[in-house]
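In what follows, a structure is listed as structure tokens, so that the remarks can point back to it.
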Amino acid sequence: MRARILAGLSLAAIVTVGPATAPALTATALAAPAPVCDSEIIGDEVTVPQWGTKAAAAWSVQCPEARNLRAEVTYVTGRTVVAETDVAAGEQWEALDFSPSFDGSGVNSVVEIYENGELLDQLAINWD
């Protein structure tokens, strides 16, 4: 009963005072959990038997808690690659995306890693 009364008073305060106080109340209620994962992003050359040596953007993310992870690789050519996965507590996600070139050379890109929708890490990869 007391919780209902306090909730009613909070709603009445928002309505009475006006919208200036409403964002502060909703911001704390909708705050996303702080990032807890550790990530590493690199640009490297990878040798694949079928294709030879190719440039790739690679990432590794380790999470002590269950999380949704998403990687976005945006190349200067306009191509964007998105990979997403759910990891359980203590799991690691490792993946890569080969640079979109015919000769295996690197194409400049920006790699972003998101944890539960929040930016966790970002790296610009510039190839020679």
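Because the structure is predicted, anything quoted here is derived from the model rather than measured. Hydrogens, waters and symmetry mates play no part in the numbers below; they use all other heavy atoms, side chains included.
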Non-hydrogen atoms of [X] and [Y] that approach each other most closely:
| X | Y | value |
| --- | --- | --- |
| Lys54 | Ser99 | NZ-O, 4.2 Å |
| Thr53 | Thr47 | OG1-OG1, 3.1 Å |
| Asn116 | Arg67 | ND2-CD, 3.0 Å |
| Val107 | Pro100 | CG2-O, 3.9 Å |
| Ile125 | Val111 | CD1-CG2, 3.8 Å |
| Pro64 | Ala89 | O-CB, 3.3 Å |

Knowing that exactly one of Val61, Leu120, Asn68 qualifies, which makes a side chain to side chain contact (heavy atoms under 4.5 Å, CB included) with Glu115?
Leu120
Glu72 and Thr80: CA distance, side-chain angles, deciding distance, side chain to side chain donor-acceptor pair (under 3.5 Å) verdict:
CA-CA 7 Å; Glu72 294 182 12; Thr80 299; over 6 Å; no
Take Leu123 and Trp59, measure what side-chain contact (heavy atoms from CB on, under 4.5 Å) needs, and give me the verdict at the end.
CA-CA 10 Å; Leu123 179 70; Trp59 56 90; over 6 Å; no
side-chain contact (heavy atoms from CB on, under 4.5 Å) assessment of Val82 paired with Arg70
CA-CA 7 Å; Val82 178; Arg70 185 176 79 245; 3.8 Å; yes
With clusters defined by side-chain heavy atoms of hydrophobic residues (ILVMFWY) lying less than 4.5 Å apart, directly or transitively, does [Y] cluster with [X]?
| X | Y | value |
| --- | --- | --- |
| Tyr75 | Trp51 | no |
| Leu96 | Val48 | yes |
| Ile113 | Val110 | no |
| Val73 | Leu69 | yes |

Nearest 0.5 Å please: distance from the CZ atom of Phe98 over to the CD atom of Glu45.
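One gets 11.5 Å once the value is rounded to the nearest 0.5 Å.
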What distance do Ser39 atom OG and Gln122 atom CD have between them, rounded to the nearest 0.5 Å?
11.0 Å
Ignoring hydrogens and angles, tell me if any N or O in the side chain of Asn108 forms a donor-acceptor pair with the backbone of Trp127 under 3.5 Å.
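Yes.
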Would you call Arg79 and Asp97 a salt bridge, taking side-chain N to carboxylate O under 4.0 Å as the test?
yes
Disulfide (SG to SG under 2.5 Å): which pairs involve residues 41-118, sequence neighbours left out?
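Every disulfide (SG to SG under 2.5 Å) pair that includes a residue of residues 41-118, provided the two are not neighbours, is Cys37-Cys63.
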If you look only at pairs with a residue in residues 77-128, which of them pass as a disulfide (SG to SG under 2.5 Å), with sequence neighbours excluded?
none
Partner residues of Glu91 under the salt bridge (charged side-chain N to carboxylate O under 4.0 Å, His left out) criterion, sequence neighbours left out:
none
Check whether any side-chain heavy atom of Leu119 sits under 4.5 Å from a side-chain heavy atom of Glu112, and report yes or no.
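In short, these two side chains touch, coming nearer than 4.5 Å.
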